[in-house]
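Here is the structure we will look at, set down as structure tokens.
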Amino acid sequence: MNNPLPPQLIILIGGLLIPLFKGKLRLAYMLALPIFAFFNYLKLEEGVYWTYSLLSFDLILGRVDKLSLIFLNVFIVLTVIAVIYNSHVKGKMEHFSGFLYAGSAMGVILAGDLITFFIFWELLTVGAAFLILVRKSPRSLGAATRYLLVHVAGGLVLLAGIVLYINENGSADFGHIGLGGVSSYFIFFGFGINCAWPIVHSWLSDTYPESTPGGVVFMATFTTKAAIYALLRGFPGEPSLIWIGVGMATFPIFYAVIENDLRKVLAYSLINQVGFMVVGIGIGTGLSMNGSAAHVYSDVLFKGLLFMSVGAVMHQTGKVKATELGGLFRSMPFTGTCCIIGAASISAFPLFSGFVSKSMIMASAAEGNFPIVWLALLFASAGVFHHAGIKIPFFAFFSHDSGIRVKEAPINMRIAMGITAVGCIAIGIFPDQTIYPLLPFEAPVYEPYTLAHVMGQSLLLLFSALAFTLLLLAGIYPAEIRAINIDSDWIYRKGGKAFYAVIDKSFNGINALAHKSLIAGATNSLCQMAKEGPTRAMILVLTPIWEISGVSAEQQVDLKKNLRNHVENGVFPIGITAFLSVVLLGILFFF
Amino acid sequence: MSDSSHKSKTAKKIIAGLFVACALGTLLDLLFLSDSFDKHAAFEWENWPGFYAVYGFVACVLLVLVSKYILRPLVMRDEDYYE
């Protein structure tokens, strides 16, 4: 070991200095950081690096093994690509947020203990929220707030789990956790929120489409993939993950078919792809978990490519909805081609990256004899081709001509997309030279290119395309409509408002009632009683006496008036005072 | 959605190409892969002729029908629903 520097700190601390540079110098500096980090990555060997002490715990900034290395590799590569893609952006804040986010993700991957892990995990949330905020629209402000709320809640669940775990085990070491004690369930669920499990997934589809075109390239990579890493590290082979993954792989595709915002379609397909990875972790064999890790690598590239191409369209046209786009291929052929390459990769066409990595997970489901899981994943494979593979390129670049005429995307975007597209194809054609050497687990080498597999997958995709075409020609394919579709974020978006309304009605109601009954009501009556009480009591006592002594009604009215005056002014004739004093003394004497 | 590009020559060629490819694929599947060729199939149904073709087609039709006629009526709202 010749003392490599921690890549995550190169990105994080280096990122702090970005605002000091301007123009071309800034671009050079921002490119130098991840490249320098990559050189230090190359120097890493399996082992423990950069330990420190905090609160009497010995903590580890760098636990290096094959699992952390493959994630670190793809995170650094994506950072380089995203920096190039984003280099036209003038605002310092967006670049800085990207580096904060990327560096934190690398910190999560390298953390050797749960405390270090948690610190970077939370920084990750902050970085992502900034990336949404930098779009500076009221919608992105709302989205960033919701993003923070969900992830801070998730972070607290995780923190509770970690504290319990350290208490139970006396060690903060982050290795295999496995579902067992209470603490493990908290940690498991804390990971699950970032992993976008069903029902807790909607932070993703709600907020990613509100980010900037470049910001979402970072976002599509780090949060969910860091959670996949955490699950691979802590809960490999946990059977419940199989069904959680199947849920993730299947339900979002229905949403994706009817969604109008193309980046939201991609957000749903992101959940769908992460579902495949989760299934792989759940099956827990060497092949399946290698499949998950390989699919992380492929997905970062092809999902990045799809988000970049849709982002380029958004950057050039200012539009991102299927209803507003179409016919752009002539204006933006390069972007369109990259989009198609990304679409082919996510759909797992032979010769593209998804074909290699997704098939490993499918094959392991077959090997482990999970027929229903296998059929569900096959359904999801056909579905992802349908919505991401066909829908995205079709509605953006073909379909009806929207009449929009724009220039091709800026050169920096094209370079970034070009590199990524080459990566997608390289993994698809040369898995032995690209992705296989990085795979972390012991397993026999998987051969994707058998005749039967190529035939089967090709037929699946061809007939999915046929279904799309026939449905479209028959007018059955759901027309794109300017609308939104509610999802489980409804619970806190409308629920939040309902909660506010309930709290408003109940507490302000109590307040109003209290005002009415106590301040306006009781106090007033008390005042009235203090004022009127003695008069009334006296009139009550004196009326019979007056009646007996034969005072006439008119005289009685006069007497009452006099009495009232006396009481209100607090003056009584001496006779009455003396009489009342005697009565009082009598009461005191007898009781 | 029904407009010029669907009816353009290129679109027609692409659609025709797709039909041909589907037909050829099915033919290949039936000819070479049904009996004599060992598919290393993990499940019995992978050996059924045309399994992948039928599954892909039916899956996509079901996906679209369920999305359009069940999910959309349940979840679709105006664009300013949350504003």
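Every value quoted in this text rests on a predicted model; they were computed, and no experiment measured them. Proteins get letters first, then strands, A, B, ... in listed order; numbering begins at 1 in each.
- Within a 6.0 Å radius of CD1 in A/Ile199, other residues, nucleotides and ligands contribute 12 heavy atoms or fewer.
- Heavy-atom distances place both the backbone and the side chain of B/Tyr82 under 4.5 Å from chain A.
- Heavy-atom neighbours of A/Leu149 CG from other residues, nucleotides or ligands within 6.0 Å: above the threshold of 12.
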Side chain to side chain contact (heavy atoms under 4.5 Å, CB included) assessment of B/Tyr81 paired with A/Lys494:
CA-CA 10 Å; B/Tyr81 177 69; A/Lys494 283 291 171 183; 3.5 Å; yes
Stepwise side chain to side chain contact (heavy atoms under 4.5 Å, CB included) test for B/Val58 and A/Phe463:
CA-CA 9 Å; B/Val58 172; A/Phe463 278 83; over 6 Å; no
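- Shown here for A/Met455 and B/Gly25, the closest heavy-atom pair between the two residues is CE-O, 3.8 Å.
- Residue contact with chain B, scored on non-hydrogen atoms closer than 4.5 Å, is absent for A/Asp206.
- Heavy-atom distances place no part of A/Ser458 under 4.5 Å from chain B, backbone and side chain included.
- Looking at every heavy atom in both residues, B/Cys60 comes nearest to A/Ala467 through CB-CB, 3.7 Å.
- Residues A/Phe468 and B/Val64 fail the side-chain proximity criterion, which asks for heavy atoms closer than 4.5 Å.
- Ranked by heavy-atom pairs shorter than 4.5 Å toward chain B, the options A/Ile476, A/Leu462, A/Ile486, A/Asn485 are led by A/Ile486.
- Neither the backbone nor the side chain of B/Ile14 has a heavy atom closer than 4.5 Å to any heavy atom of chain A.
- Looking at A/Phe385, neither its backbone nor its side chain comes within 4.5 Å of chain B, counting heavy atoms on both sides.
- Only the side chain of A/Lys321 comes within less than 4.5 Å of a heavy atom of chain B; its backbone N, CA, C and O stay farther away.
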Could you walk me through whether B/Val75 and A/Trp490 pass the side chain to side chain contact (heavy atoms under 4.5 Å, CB included) check?
CA-CA 10 Å; B/Val75 300; A/Trp490 183 88; over 6 Å; no
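- Note that CZ of B/Phe57 and CG of A/Leu459 are 13.5 Å apart. Values are rounded to the nearest 0.5 Å.
- Atom CZ in A/Phe379 sits 6.5 Å away from atom CG in B/Leu62 (nearest 0.5 Å).
- By number of non-hydrogen pairs under 4.5 angstrom with chain B, the leading residue of A/Asn260, A/Ile481, A/Leu471, A/Asn369 is A/Ile481.
- In B/Arg77, the CZ atom is crowded: over 12 heavy atoms of neighbouring residues, nucleotides or ligands sit closer than 6.0 Å.
- With chain B as the partner, the residue from A/Leu461, A/Leu470, A/Leu466, A/Asp487 showing the most heavy-atom pairs under 4.5 Å is A/Leu466.
- Remark: the backbone N or O of A/Leu375 is paired with a side-chain donor or acceptor of B/Tyr55 at under 3.5 angstrom.
- The aromatic rings of A/Trp374 and B/Trp45 sit tilted relative to each other, their planes meeting at an angle between 30° and 60°.
- Here the shortest heavy-atom pairing between A/Ile258 and B/Arg72 reads O-NH2, 3.3 Å.
- Atom-to-atom distance recorded for A/Phe254:CZ and B/Leu65:CG is 10.5 Å, nearest 0.5 angstrom.
- Heavy atoms closer than 4.5 Å to chain B are found nowhere in A/Phe329, neither backbone nor side chain.
- Scanning all heavy atoms of the two residues, the minimum distance from B/Met76 to A/Ala483 falls at CG-CB, 3.5 Å.
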